[in-house]
2 protein chains.
Amino acid sequence: MGLSIGDVARTAHVTVRALHHYDAIGLLSPSERSAAGYRSYSPADIERLQQIVVYRSLGMSLQDITAILDDHTVEPLEHLRRQHALLVERSEHVHRMIAAIDKTMEAHRMGINLTPDEQSQVFGAFAPASYADEVEERWGETDAFAKSKAKTSSYTKADWAEAVAEQTAVGERFAALLRAGAAADSQDAMDAAEAHRRQITRWYYDCSYEIQTGLADMYLADPRFTENYENIEAGLAQYVHDAIHANAIARA
Amino acid sequence: MGLSIGDVARTAHVTVRALHHYDAIGLLSPSERSAAGYRSYSPADIERLQQIVVYRSLGMSLQDITAILDDHTVEPLEHLRRQHALLVERSEHVHRMIAAIDKTMEAHRMGINLTPDEQSQVFGAFAPASYADEVEERWGETDAFAKSKAKTSSYTKADWAEAVAEQTAVGERFAALLRAGAAADSQDAMDAAEAHRRQITRWYYDCSYEIQTGLADMYLADPRFTENYENIEAGLAQYVHDAIHANAIARA
DNA sequence: ACTTGACCCTGACGTTGCGTGAGGACCTAA
DNA sequence: TTAGGTCCTCACGCAACGTCAGGGTCAAGT
């Protein structure tokens, strides 16, 4: 027996009514019901709900969400990659909007009137950019998008094995350097950090230095991740963290 | 006679139907009608529409927008300031969402399960943060908000005169330095750039170095702003631009 | 065993912000 | 003068829930 609808609503910050609605339209039907007809949500249901919440926050319609979540050719991780990409796009969009406001205020400050053309541009920045627009902006026509989708969703078991192997290799590389006494800001350690970043970019998502240092911080802050490295070698979490930071600074 | 409804719709990237709707609910009623009953939008109408579009993109309801736009104790510039602040908040929100996805992906990568507590946090990042939440997050209770509103919306004519005077003074300061042959990356020029930034922060909105360099770029890119400086002294636009950039780099 | 309060269920109607025609006037250019 | 594009006013439709209404369920306390 999983969580009750109220518990789910609280942890996911959605209303009970919304969950009823998702059930009614077949977007998220809890995998179990109690004898009295109470909905019971399993961990898998919760995971699906997270995808729903994220896609919703990006402005996707419930119909479309149903469609892509029920598309079993799409791996769960692929959803996270897409969401990441869409969020980055969203972030850039917000920055364009801020720039547009800046421009308008500067014009006010200077007592300047914007030309219709400039005005249209300002308006354009605030045009309701749906997720669909953003997706197309990123991947061009549906054709290219389909291709990209085909590529990333077609990871075979061998691919996944290779990804895991690469990841393990990077961990080992750090550990070897640590054992050899190489400083965290040595060239070798920074190269390993770069490999870590490229590995994520290759198999998961475009990992900027900013994002990577965020991950490094998390490796120390969250005991779960810390343990993962400490199990390989004592002090490795801190070492990886320092190497990533050193590398990020050096490349900036 | 102003613009036709079709023209407005095109430049503002909204549908004709939306404009009809705004008229019907009294949010934006064009200031004139032709003999045949055609709507005619004045420049003031367009300006109001921009405010509407921006607030809408922030998720505000049409009712609320009507209320705050019809509140005549709020200066037009105050709307831009608010919108700027809300957008910055929105930007931070998006970054929190990206971080949440990063964390989820890292957990996947490492084969780790998130605790309910962590899950709740991830969900929290995607909770539909309405503009209202964001406003309260920034300004606390309605009381504090009312105060801030009272403060910023109560600029007197004398205040405005002072703001304009300060702005002119900053321009003159740059011009004097340019005439005196001080380099754009000299300490004096960078101090002037800092004064430029502080002036905007004081009278308009919190101007970060990133935003300021954006403005500097605009001074060169947009002939309107360029002219404004060139009228004071030849080469001043470029000079101001360089000083702002030098200062931003020095302070980073 | 019984009550009480918190929680759950299923309808069912209301709301917001428009989309989408229907049916008809208007207006410029050929 | 006729065709196209644009404009007008109803008026119904729709998504994603909010909001009662009327009624079971359940654990805790008495």
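Computed over heavy atoms, backbone and side chain alike; hydrogens, waters and symmetry mates excluded. In what follows, chains carry the letters A, B, and so on, assigned in the order in which the sequence lines appear, proteins first and then strands, with residues in each chain numbered from 1. In this text the structure is predicted, and so the values were computed from the model without any measurement.
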Just wondering, do [Y] and [X] contact through their side chains at under 4.5 Å, heavy atoms?
{"X": "A:V94", "Y": "B:H93", "answer": "no"}
{"X": "A:V54", "Y": "B:F123", "answer": "no"}
{"X": "A:F126", "Y": "B:L87", "answer": "yes"}
{"X": "B:R202", "Y": "B:Q199", "answer": "no"}

Are OP1 or OP2 of [N] and a side-chain N or O of [X] less than 4.0 angstrom apart?
{"X": "A:S34", "N": "C:dC8", "result": "no"}
{"X": "B:H20", "N": "C:dC18", "result": "no"}
{"X": "B:T15", "N": "C:dG19", "result": "yes"}

Distance, rounded to the nearest Å, where [X] contributes [atom1] and [N] contributes [atom2]:
{"X": "B:D7", "N": "C:dC27", "atom1": "CG", "atom2": "C1'", "answer": "14 Å"}
{"X": "A:L3", "N": "C:dC8", "atom1": "CG", "atom2": "P", "answer": "11 Å"}
{"X": "B:L28", "N": "C:dC18", "atom1": "CG", "atom2": "C1'", "answer": "15 Å"}
{"X": "B:I65", "N": "C:dC18", "atom1": "CD1", "atom2": "C1'", "answer": "13 Å"}
{"X": "A:D23", "N": "C:dC8", "atom1": "CG", "atom2": "P", "answer": "14 Å"}

Listed nucleotide nearest any side-chain atom of A:I5, set C:dC9, C:dC26, C:dC18: C:dC9
Closest-nucleotide ordering on DNA chain D, the 5'-leading residue of B:Y38 and A:H21: B:Y38
Contact nearer the 5' end of DNA chain D, comparing B:R39 with B:R10: B:R10
Check: A:Y55 ring centre within less than 6.0 Å of A:H79 ring centre: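 Centroid distance A:Y55-A:H79: below 6.0 Å, so yes.
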Within 45° cone of A:Y209 ring axis and under 6.0 Å: A:R197 NZ or CZ: yes
Candidate pair A:Q83 and A:Q51, rule side chain to side chain donor-acceptor pair (under 3.5 Å), full reasoning: CA-CA 9 Å; A:Q83 291 164 352; A:Q51 310 290 4; 2.9 Å; yes
Where chain B begins and ends its contact with DNA chain D, read 5' to 3' at 4.0 Å from heavy atoms: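 In short, chain B contacts DNA chain D from D:dT6 to D:dA11.
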Closest-nucleotide ordering on DNA chain C, the 5'-leading residue of B:R17 and B:Q63: B:Q63
